[in-house]
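Worksheet: the structure to be examined is printed underneath.
Because the structure is predicted, anything quoted here is derived from the model rather than measured. All heavy atoms count here, side chains included; hydrogens, waters and symmetry mates do not.
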Amino acid sequence: MSALEFTPPPELKQFAEKLTGPGAKLVKLTTSLCDLIAQETNLLKLRRTREAQALHGQKSKLMAEYKNTMNQLQMNEHLLGEKDSGERKFLKFVTDKLREILRDHARVVLRLKSVAEGLIKSVGEEVAKQQRPVTAYGQNAAYQISKAARPMSLSLNQVI
């Protein structure tokens, strides 16, 4: 979802222009985060994980700034007017859009994670099958296990 799709309902449009200070900064940061996370989600859907990973630094910076601005607004709630003000409703609208984008992003990441885990598991099982020790009967008619085969494990440790 880009900033172009971030159009508030007509009754809230007027309040977007009334926000100043930390409220306006929060809207700007939220919109930027939405754009960045949507871009990252699209890259993940296209299986371009290296490019998505390159956005991590920028995303971390925006998230830290977002958190600081939220803390500032929580300490100075009076900057947003009354509890049921239009400015607060507009901020709720913007925050709800961010939540939608985050839910979509989480679905994509979890799907890719389960695919990667499935691949690793199947490769590990195949390696284990091929490295399975040959069993044969020994001199006393008991199974004799070859000592040449070594157990092998496989793991992937990469953060997206």
Checklist entry - Taking it one step at a time, do L91 and R88 satisfy side chain to side chain contact (heavy atoms under 4.5 Å, CB included)? => result CA-CA 5 Å; L91 278 174; R88 287 180 188 253; 5.6 Å; no

Checklist entry - Where do Q72 and L26 land on the side chain to side chain contact (heavy atoms under 4.5 Å, CB included) test, with the steps shown first? => result CA-CA 10 Å; Q72 187 179 7; L26 183 67; over 6 Å; no

Could you grab the distance from atom [atom1] of [X] to atom [atom2] of [Y], nearest 0.5 Å is fine?
{"X": "T49", "Y": "L112", "atom1": "OG1", "atom2": "CG", "answer": "8.5 Å"}
{"X": "L62", "Y": "S32", "atom1": "CG", "atom2": "OG", "answer": "5.5 Å"}
{"X": "E65", "Y": "L29", "atom1": "CD", "atom2": "CG", "answer": "5.0 Å"}
{"X": "T95", "Y": "K97", "atom1": "OG1", "atom2": "NZ", "answer": "12.0 Å"}
{"X": "R50", "Y": "L43", "atom1": "CZ", "atom2": "CG", "answer": "13.5 Å"}
{"X": "Q53", "Y": "H56", "atom1": "CD", "atom2": "NE2", "answer": "8.5 Å"}

Item to check | Minimum heavy-atom distance L33-M63, with the two atoms named | outcome: CD2-CG, 3.7 Å

Checklist outcome for this item: Heavy atoms of T30 and Y66 approach each other most closely as OG1-CE1, 3.1 Å

Item to check | salt_bridge(D104, K45) N-O dist < 4.0 Å | outcome: yes

Item to check | T69: partners by side chain to side chain donor-acceptor pair (under 3.5 Å), with sequence neighbours left out | outcome: none

Item to check | Set of side chain to side chain donor-acceptor pair (under 3.5 Å) partners for E51, sequence neighbours left out | outcome: R48

Next on the checklist: With side-chain hydrogen bond (donor to acceptor under 3.5 Å, both in side chains) as the rule and sequence neighbours excluded, what pairs involving residues 105-119 come up?
Outcome noted: E40-H105, T41-H105, K113-E117

